[in-house]
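Below: the structure, in structure tokens.
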Amino acid sequence: MTDTLALTRRTLLACSILGLPYAAQGKTAAAPYRDPRAPLELRVRDLLGRMTLDEKVAQLGSMWMSKTAIMDGAGVFSPAKAAKSIPHGIGQIGRPNDTTGTTRANVSGFRSTEETAAFVNAVQRYLLEHTRLGIPALFHVEGAHGFMGRNATIFPIPPGLASTFDPDLIEQAFTVTGREARVNGGTVVLGPVLDLARDPRYGRVEEFFSEDPYLTGRMGTAAALGLQGRSRPLQKDRAFVTLKHFVHAVPQAGLNTAPADISERSLRETFLVPFAAAIKAANPASIMPSYNEVEGVPSHGSKALLQ
């Protein structure tokens, strides 16, 4: 999703906005990376200089379905299991509010807000107090057209939202989504989706605002501003956004991970346009590469695409 430097910057920002203490065992209070008054670049540089290779790799890791490795059977955080599975910390925890992998999964797909808060706080407390550098985790959630969770507000799917042609209304809707995500422990929302609905066979078109680059760019920008707000540091009722998927284009036969055999001209004139608009206007915290190949190179490994 991003490189170590960018992820470290965002983690430090998340720690600051969450008001998390730096009370981990054996850590020097005077360390620059732990000083919220120090310049961010200095804090990042200081922290990276202290990290081992294992600790850097851990910050690039994420747990979603595998987060049962830090829970007991009932879905309660287990420090003993965490000590074995994430001894060097973890970069992100996916969907902290779901019950995937637990004995409750077939009964209730989501935790209550109170249970989620208890889980998130327990994870952060463990990371702060029982890992060497005390780096907190980010928690990402889904929010393509409303926060995915119990008792959440669900809006029309993105094609329906975009058919309003009303960016202000879309910003309001995603402001609600960001607030509900944050209340449920989410610091990062996986959205908005800026892919273009150019092939009706593609099984994800219900996530896309439209087939039009301009309209998708306007709607995506409005959604990003609603989720993340218009200023930094992030406010307590907002969450970082993740523009995605950079860039699916038109996968062969409408299959999610199929290659996109497309020209650079089509990319620049069509499929990159919504991303350019949202990046310039909304200052997104992160961008998710697509799952497929573009011009024969996997998006996650394409320097031409990512840089």
Side-chain angles (χ1 to χ4, degrees), residues 1 7-8 10-12 14-15 17-27 51-143 146-152 154 177-191 236 239-240 242 288:
M1 186 176 295
L7 186 61
T8 305
R10 196 171 63 179
T11 302
L12 284 169
C15 188
I17 63 175
L18 291 172
L20 296 172
Y22 292 94
Q25 295 177 357
K27 298 166 185 64
M51 296 173 76
T52 66
L53 180 59
D54 286 337
E55 288 166 337
K56 291 177 180 177
V57 170
Q59 288 304 308
L60 296 176
S62 178
M63 298 176 119
W64 172 29
M65 294 185 179
S66 60
K67 66 178 177 284
T68 51
I70 59 173
M71 302 179 195
D72 61 21
V76 176
F77 177 72
S78 169
K81 294 181 70 173
K84 295 180 179 180
S85 58
I86 53 171
H88 304 293
I90 187 72
Q92 296 193 46
I93 302 291
R95 303 188 192 181
N97 63 312
D98 75 11
T99 58
T100 300
T102 72
T103 55
R104 298 171 51 190
N106 294 328
V107 178
S108 174
F110 296 101
R111 308 168 187 265
S112 67
T113 298
E114 292 78 11
E115 289 178 291
T116 303
F119 174 71
V120 169
N121 288 339
V123 172
Q124 296 289 47
R125 188 175 300 111
Y126 172 83
L127 293 173
L128 289 169
E129 296 179 356
H130 297 285
T131 60
R132 189 177 74 90
L133 295 172
I135 303 173
L138 294 165
F139 292 83
H140 70 252
V141 298
E142 296 285 354
F147 168 65
M148 184 185 290
R150 188 189 296 186
N151 299 322
I154 301 301
T177 300
R179 182 181 303 124
E180 293 186 354
R182 189 64 180 277
V183 166
N184 283 274
T187 48
V188 180
V189 172
L190 301 185
K236 293 182 178 179
F240 290 126
T242 304
M288 181 190 296

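Please read all numbers here as calculations on a predicted model, not as lab measurements.
At a threshold of 4.5 Å between non-hydrogen side-chain atoms, the residues Thr99 and Arg111 count as touching. Residues Arg150 and Asn97 form no side-chain contact, since every pair of their non-hydrogen atoms from C-beta on lies 4.5 Å or further apart. Here the side chains of Met148 and Phe110 are in contact, with some heavy-atom distance below 4.5 Å.
Between Val141 and Gly186, the shortest heavy-atom contact is CG1-CA, 4.0 Å. Closest approach of Ser62 and Gly94 over heavy atoms only: OG-N, 4.5 Å. The minimum heavy-atom distance between Ala69 and Ser85, with the atom names listed, is O-OG, 3.3 Å. Residue Pro96 comes nearest to Val120 through the heavy atom pair CB-CG2, 3.8 Å, listed as atom of the first residue, atom of the second, then distance.
Rounding to the nearest 0.5 angstrom, the gap separating the CZ atom in Arg179 from the CZ atom in Phe147 is 14.0 Å. Residue Glu55 holds its CD atom at 6.5 Å from CD1 of Ile135, rounded to the nearest 0.5 Å. The CZ atom of Arg95 sits 4.5 Å away from the CD atom of Glu142 when rounded to the nearest 0.5 Å. Glu114 contributes atom CD, which lies 8.5 Å from atom OG1 of Thr116 (distance to the nearest 0.5 angstrom). Annotation: the span from His88 atom NE2 to Gln59 atom CD amounts to 11.5 Å, rounded to 0.5 Å. Rounded to the nearest 0.5 Å, atoms CG (Asn184) and CG (Asn151) are 9.0 Å apart.
Shown here are the salt bridge (Lys or Arg N to Asp or Glu O under 4.0 Å) partners of Glu180, two or more places apart in sequence or in another chain: there are none. In terms of the side-chain hydrogen bond (donor to acceptor under 3.5 Å, both in side chains) criterion, residue partners of Asp98 (sequence neighbours excluded) are, by chain and number, Trp64, Lys67, Thr100.
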List the atom pairs, donor and acceptor, that lie under 3.5 Å between side-chain atoms in residues 77-84 and the rest of the protein, sequence neighbours left out.
{"unit_1": "Ser78", "atom_1": "OG", "unit_2": "Lys81", "atom_2": "N", "d": "3.2"}
{"unit_1": "Lys81", "atom_1": "NZ", "unit_2": "Thr68", "atom_2": "O", "d": "3.2"}
{"unit_1": "Lys81", "atom_1": "NZ", "unit_2": "Met71", "atom_2": "O", "d": "2.6"}

CA sep, side-chain torsions, deciding dist, call: Met63, Ile86, side chain to side chain contact (heavy atoms under 4.5 Å, CB included): CA-CA 10 Å; Met63 298 176 119; Ile86 53 171; 4.0 Å; yes
Let me see the working for Ile70 and Ile93 under side chain to side chain contact (heavy atoms under 4.5 Å, CB included), right down to the final yes or no. CA-CA 10 Å; Ile70 59 173; Ile93 302 291; 4.1 Å; yes
Derivation and outcome, side chain to side chain contact (heavy atoms under 4.5 Å, CB included), residues Met288 and Leu190: CA-CA 8 Å; Met288 181 190 296; Leu190 301 185; 4.0 Å; yes
